[in-house]
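Since the structure comes first, as structure tokens, the remarks are kept for the end.
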Amino acid sequence: MSAPESESDAAGLMESLFPGARLIVAANRAPYRLVSGVHGESHWERPAGGLTAALDPLMQRFGGVWVAAQSGDGQELDVPPEDPTYQVEVLGVPAETYRAYYNGYSNGGLWPLCHNLVERAHFRPSDWHSYRQVNHMFATQIARVARTEDVVFLHDYQLALVPGYLRSLGHTGPIAHFWHIPWPPTVVLRLLPERRLLLQGLLEADWLGFQTEDSVDSFASAARKELGARILRDADGVRLLYEGRLTQVAAVPISIDTERIEEIARDPLTEGRIHKLRSRLGLHDSALMLGVDRLDYTKGIPARLDGFARLLARYPSLHGRVRFVQIGVPTRTEIQDYRRLASAVRRRVAEINRRFRTPGWLPVRLVERNLRLDQLVALYRLADVAVVSSLYDGLNLVAKEYVAARVDGGGALCLSETAGAYHELRDAFPLSPLSPERIAEGLARAIFATEEERERRMERLRAAVAANTIHTWLGRVLRGLRSAAPQLSGENATPV
Ligand code: F6P
């Protein structure tokens, strides 16, 4: 059977590979949150971030259970709120423990380290203690919910110890774990005091997925150097043999619900939104450049804004003719590095506006809130250039969303060469994210490109995005997991 192209193909594949199985997803963050107001009223919130946006449509299609965690009380929710199809079980974690696990070990340690920003990373024993505790809570809850035949699908760096804990709790069913962010080179990983325990925990999964071949190679090399695991290569790819257990390791870049985004992009309501946005942003005869990110220091936003300022300095003909809208969604605001980044971005925006503004033209606008998908799609349709200039990025789904939304074949994508998505989206205008001069050059190439070049590039980008949707991705994960679990013998594989 070839890779599934639609959600019904993926559903058929799930049933044929894992008959009767439910999907038990575990990720730190829940895709929906029910928030109580001060007067007892409550409202739903949807978080920003690629992981929840990518997996929610799958869960809506397949049903099952999503285990997540939060500080304070837990929650049990039937979601999506308008037409429930699956359950979310949110573990309530004592505030101090959650802070040390989430702000401390996960986002103050693993996050910067995996993005090679080593000086920002710190690893405190007390944070590690909480990280272990919360991972154990996840494993206990999953072991309670999952039957042996179910597919347990774990996500990301917050949950590296869960596969190991699940096995020690006696769970023998198939476990897949997908690492959404880059896996660092071995020399960088060596700065992590608990690296061996994390590697051992992950190697209890049957199947481990990464966004890029670089991450697969770095992980395999770390498993060999740190634990003495054997690397076996065969037609199915790379498998690691460690203490009698085989784990398949694969590069399977994640994607988006392309059909859904195209449907929104073609909806007549979107035309109405585009029209309103155009007049609200004063875009009558000026072009729009767009950035959409969480306000994270890995996204390269200050250098991007500096690049835009250089573009304006170099091309006075663009004054009054182009605007930059940066959607910057507040994130991890309890961490000082994130608050500093948000202030630096605000300062840059104010400086650029002070320097270049003219009556009736404000070059940059910063919008510090999360937008609904239908609002984002309208913005994507309106943006002449989308700018993704991450310093490092596991993948970057904004790049794929932008391309999927361009059902009109228009627009141009400027994409960092160090974002995982660049491997699939080579027809983007490349950006070198550290250098404002180079960024200005990249932006100029995109904005001054001929109509033919922009259309040709977009056509190829659209073909690349259509070739790997979220359903294709899940199909590849399920196929990989099926061939890896239950335990395979090492026959037919060649040690290297
Ligand atoms: O991709 C990494 C990740 O941690 C995802 O889990 C999530 O999509 C995103 O970053 C947002 O992070 P947080 O859940 O910490 O806001």
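Numbering of ligands and ligand atoms starts at 1, following listing order.
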Inset, instruction - Answer yes or no: is there a donor N or O on one side and an acceptor on the other, between the side chain of K400 and the main chain of I254, under 3.5 Å? - result: yes
Legend entry - N or O contact, D156 vs ligand 1, cut-off under 3.5 Å: yes
Legend entry - Cation-aromatic face contact R406/Y380, 6.0 Å, 45 degrees: no
Inset, instruction - Consider every N or O of L51 and every N or O of ligand 1, then say whether any pair is closer than 3.5 Å. - result: yes
Legend entry - Pairs involving residues 73-93, ordered by first then second residue, that meet salt bridge (charged side-chain N to carboxylate O under 4.0 Å, His left out) (sequence neighbours left out): none
Inset, instruction - Work out whether the distance between some heavy atom of Q158 and some atom of ligand 1 is less than 4.0 Å. - result: yes
Inset, instruction - Start with the C-alpha distance between R132 and E194, add both sets of side-chain angles, then the distance that settles salt bridge (charged side-chain N to carboxylate O under 4.0 Å, His left out), and finish with yes or no. - result: CA-CA 11 Å; R132 285 170 51 197; E194 298 83 14; over 6 Å; no
Legend entry - Distance-only N or O hit between ligand 1 and T52, under 3.5 Å: no
Legend entry - Enumerated ligand 1 atoms positioned under 4.0 Å from heavy atoms of Y102: 13 (P), 15 (O), 16 (O)
Legend entry - Atom indices of ligand 1, in the order listed, that fall short of 4.0 Å to a heavy atom of W111: 2 (C)
Legend entry - Distance from atom 14 (O) of ligand 1 to nearest protein heavy atom, with residue and atom: R29 NE, 2.7 Å
Inset, instruction - Of the side chain and backbone of R332, name the one, both, or neither that has a heavy atom under 4.0 Å from an atom of ligand 1. - result: side chain
Inset, instruction - May I ask whether G394 has any heavy atom positioned less than 4.0 angstrom from an atom of ligand 1? - result: no
Legend entry - Under 4.0 Å to a heavy atom of G49 - the qualifying atoms of ligand 1, by number: 8 (O)
Inset, instruction - Indicate yes or no for a side-chain donor-acceptor contact from R294 to the backbone of T331 under 3.5 Å, with no hydrogens or angles considered. - result: no
Inset, instruction - Go through the steps for D257 and R61 under the test salt bridge (charged side-chain N to carboxylate O under 4.0 Å, His left out), then give the verdict. - result: CA-CA 11 Å; D257 189 350; R61 178 65 185 81; over 6 Å; no
Inset, instruction - Look at atom 9 (C) of ligand 1 and say which protein heavy atom is nearest, naming residue and atom and giving the distance to 0.1 Å. - result: R294 NE, 3.8 Å
Inset, instruction - Tell me, please, which residues at least two apart from A229 pass side-chain contact (heavy atoms from CB on, under 4.5 Å). - result: A223, Y242
Legend entry - Per-atom contacts, ligand 1 versus Y157 - under 4.0 Å to a heavy atom: 4 (O)
Legend entry - Short side-chain to backbone donor-acceptor contact, T258 and A404, under 3.5 Å: no
